[in-house]
Amino acid sequence: MMPFACDVLTLFPEMFNAVTQYGVTGKAWKNRIFELTTWNPRDFSHNSHRTVDDSPYGGGPGMVMMAEPLEEAIMQAKSRQQGLGITHPEVVYLSPQGEKLTHATVKELSLGSGLIFVCGRYEGVDERLIVRQVDREISIGDYVLSGGEIAAMVLIDAIVRQIPDVLGDPESANQDSFVNGLLDYPHYTRPEIYRGDQVPEILMSGNHAHIQRWRLQQSLGRTWSRRPDLLETKLAHGMTTEEQKLLEEYKQSHKTR
Ligand code: ADE
């Protein structure tokens, strides 16, 4: 299969070693499951100081990234991807103003062949660049980072782990939290007693059906207590009688009396 093509516009290309050199994504990069090409907007600057930012019209603090160097870098990235046979490469701009990232978006993006990521620095980028070139503006959460790089890496990591064969066990991506709309169940490993704390009895039973039921109940219960918003969505999509029963049982046993 063709590698998933990532073209990244960034003033700090070295930051992306974090995804290409380490862990699951590092291995996927080595195995050419995805590839990553960086474009530094400074290389597309039109002045001798390699300037890519300027002060905001209307005043205010900080600087704004100029449209021209970014647009030229996007053109290069697009023609590179078109050369790979990707006919309409999608351009993603990472910013707190974007749609909030969810598993559904990750899944959708992972089904494509490639993406062009625009990472902003300073106060942001000239709005005309966004209007002209950006297909999708994505936020990784309601807080402000110093730049789009870490957000782009979050997205790349999440996308890459959805590509078939990236995770060793073919089931592990489907067992991830959020795939079934629920939080993950708790995990335990050796020793059986850690500083006086026992591993839940049921996990030592060897009864796979009972373990599966318990894990589902833990997922439901933790989602109910920690993320009621997720449980509402799950309820709206319909819960099985079994799931409803398991959750009721969890609620009963976790009542504070
Ligand atoms: N850039 C700065 N903050 C961000 C956020 N929360 N999500 C995506 N990109 C960002």
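This one's a predicted model, so the numbers in the text were calculated from it and none came from an experiment. Whatever order the structure lists ligands and atoms in, that order sets their numbers, starting from 1. Just so it is clear, the values below take in all heavy atoms, side chains as well, and ignore hydrogens, waters and symmetry mates.
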- prompt: Any sub-3.5 Å donor-acceptor pair from Ser219's side-chain atoms to Leu183's backbone N or O?
  reply: yes

- prompt: Relative to the ring of Trp224, is the ring of Tyr250 parallel (under 30°), tilted (30 to 60°) or perpendicular (over 60°)?
  reply: perpendicular

message: I'd like to know whether ligand 1 has Leu101 as a neighbour, heavy-atom separation below 4.0 Å.
response: no

query: Should Gly147 be listed as contacting ligand 1, given a heavy-atom distance under 4.0 Å as the test?
result: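 Yes.
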
- prompt: Can you hop from Val91 to Ile156 via hydrophobic side chains spaced under 4.5 Å?
  reply: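 Yes.
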
How far is [atom] from its nearest protein heavy atom, and which residue and atom name does that atom have?
| atom | value |
| --- | --- |
| atom 3 (N) of ligand 1 | Leu145 N, 3.0 Å |
| atom 6 (N) of ligand 1 | Tyr143 O, 2.8 Å |
| atom 7 (N) of ligand 1 | Ile140 N, 3.0 Å |

Could you say whether the N/O atoms of [X] and ligand 1 ever approach to under 3.5 Å?
| X | result |
| --- | --- |
| Ala151 | no |
| Pro96 | no |
| Gly141 | yes |

message: Closer than 4.0 angstrom, basic N to acidic O: yes or no for Asp184 and Arg215?
response: no

query: Quick one: does ligand 1 sit under 4.0 Å from the side chain of Asp142, the backbone, both or neither, non-hydrogen atoms only?
result: neither

- request: Tell me, yes or no, whether the heavy-atom count around Arg136 atom CZ, taken from other residues, nucleotides or ligands under 6.0 Å, exceeds 12.
  value: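 Yes - once you tally the heavy atoms of other residues, nucleotides and ligands closer than 6.0 Å, there are more than 12.
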
message: My understanding is that we take every heavy atom of each candidate and find the minimum distance to atom 9 (N) of ligand 1. Doing that for Gly98, Ser95, Cys119, which one comes out nearest?
response: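 Looking at heavy atoms only, the winner is Ser95.
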
task: Report, in ascending order of atom number, the atoms of ligand 1 lying under 4.0 Å from any heavy atom of Ile138.
output: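 Near Ile138, meaning under 4.0 Å from one of its heavy atoms, ligand 1 has 8 (C).
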
task: State the atoms of ligand 1, each with its element, that fall below the 4.0 Å cut-off from a heavy-atom position in Ser139.
output: 6 (N), 7 (N), 8 (C)

- line: One should read off an interatomic distance between Arg80 CZ and Asp7 CG, to the nearest 0.5 angstrom, of 4.0 Å

query: Taking atom types as modelled and ignoring hydrogens, do the side chains of Ser95 and Gln97 form a donor-acceptor contact shorter than 3.5 angstrom?
result: yes

query: Can you check whether Tyr93 reaches Ile138 side chain to side chain, under 4.5 Å on heavy atoms?
result: no

